[in-house]
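Encoded as structure tokens, the structure appears first; notes follow it.
Predicted model only: the values in this text are computed from it and were never measured.
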Amino acid sequence: MSKKTKAFLYNLLGFTCFYIPAYLLIMHFTDLIGFWIAGPSFIVSLFLSPKFQYMQTHEDEKIFMKWIFVKGIREVK
């Protein structure tokens, strides 16, 4: 599997791990219905989930991660 595909799957998994609990919490604790549950869940997940970026360097292909809870940018091994 290429590093580009891995970065995409990491982004998808990270977003999903925050989206589903946010969706369920908003659905349970508010009176919102339909799209109005999905919208705030999307915004919350967008800000909380880690961002993974594929990058081609001179030496090799690398994946980097930036997250609100971790200081700086980290390389994913």
Side-chain angles (χ1 to χ4, degrees):
M1 183 182 320
S2 71
K3 300 247 181 175
K4 195 176 209 179
T5 306
K6 282 185 182 179
F8 173 75
L9 290 176
Y10 288 157
N11 277 324
L12 182 65
L13 181 65
F15 181 83
T16 305
C17 288
F18 284 97
Y19 181 79
I20 293 172
Y23 186 90
L24 294 174
L25 286 171
I26 290 172
M27 184 174 56
H28 182 67
F29 289 111
T30 66
D31 292 330
L32 300 176
I33 57 172
F35 172 75
W36 297 106
I37 300 171
S41 302
F42 175 79
I43 299 298
V44 167
S45 302
L46 194 64
F47 285 117
L48 293 180
S49 65
K51 279 55 170 186
F52 294 91
Q53 178 70 45
Y54 161 80
M55 189 174 286
Q56 179 74 32
T57 62
H58 294 291
E59 301 89 29
D60 199 10
E61 299 172 337
K62 295 183 179 181
I63 298 175
F64 295 99
M65 178 193 74
K66 184 178 180 182
W67 196 17
I68 191 171
F69 300 116
V70 176
K71 188 173 183 180
I73 298 173
R74 303 245 172 127
E75 181 182 350
V76 177
K77 300 287 181 179

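- Taken together through direct or relayed side-chain contacts under 4.5 Å among Ile, Leu, Val, Met, Phe, Trp and Tyr, F42 and I26 form part of one hydrophobic cluster.
- Grouping the Ile, Leu, Val, Met, Phe, Trp and Tyr side chains by contacts below 4.5 angstrom, directly or via other members, places Y23 apart from F18.
- Residue F8 qualifies as open at atom CZ: its count of foreign heavy atoms under 6.0 Å is 12 or below.
- When the side chains of ILVMFWY residues are joined at heavy-atom separations under 4.5 Å, either directly or via intervening members, V44 and F69 end up in a single hydrophobic cluster.
- Just one of K6, K4, R74 meets the side chain to side chain contact (heavy atoms under 4.5 Å, CB included) condition when paired with I63; it is K6.
- In the hydrophobic clustering of ILVMFWY residues, with side-chain heavy atoms under 4.5 Å counting as a link, I33 and I43 come out apart.
- Cluster note: L13 groups with no other residue, as no ILVMFWY side-chain heavy atom lies under 4.5 Å from it.
- Here the straight-line distance linking atom CD of Q56 with atom NE2 of H58 works out to 10.0 Å at 0.5 Å rounding.
- In this structure, OG1 on T5 lies 12.0 Å from CG on L12, to the nearest 0.5 angstrom.
- For the pair S49 and G14, the tightest heavy-atom approach, listed with the atom from each and the gap, is CB-O, 3.7 Å.
- In the displayed structure, Y54 atom OH is contacted under 6.0 Å by more than 12 heavy atoms of other residues, nucleotides or ligands.
- Within the 3.5 Å criterion, the main-chain N or O of Q53 finds no donor-acceptor partner in the side chain of K62.
- Checked by atom type and distance alone, the side chain of W67 never pairs as donor or acceptor with a backbone atom of G72 at under 3.5 Å.
- Taking CD1 from I37 and CG from L25, the interatomic distance works out to 11.5 Å, rounded to the nearest 0.5 Å.
- The two residues P50 and N11 come nearest to each other via the heavy atoms O-OD1, 3.7 Å.
- Under the 4.5 Å side-chain heavy-atom criterion for ILVMFWY residues, a single connected hydrophobic cluster contains both M27 and Y19.
- Within the model, atoms NZ of K3 and OH of Y10 stand 8.5 Å from one another, a figure rounded to the nearest 0.5 Å.
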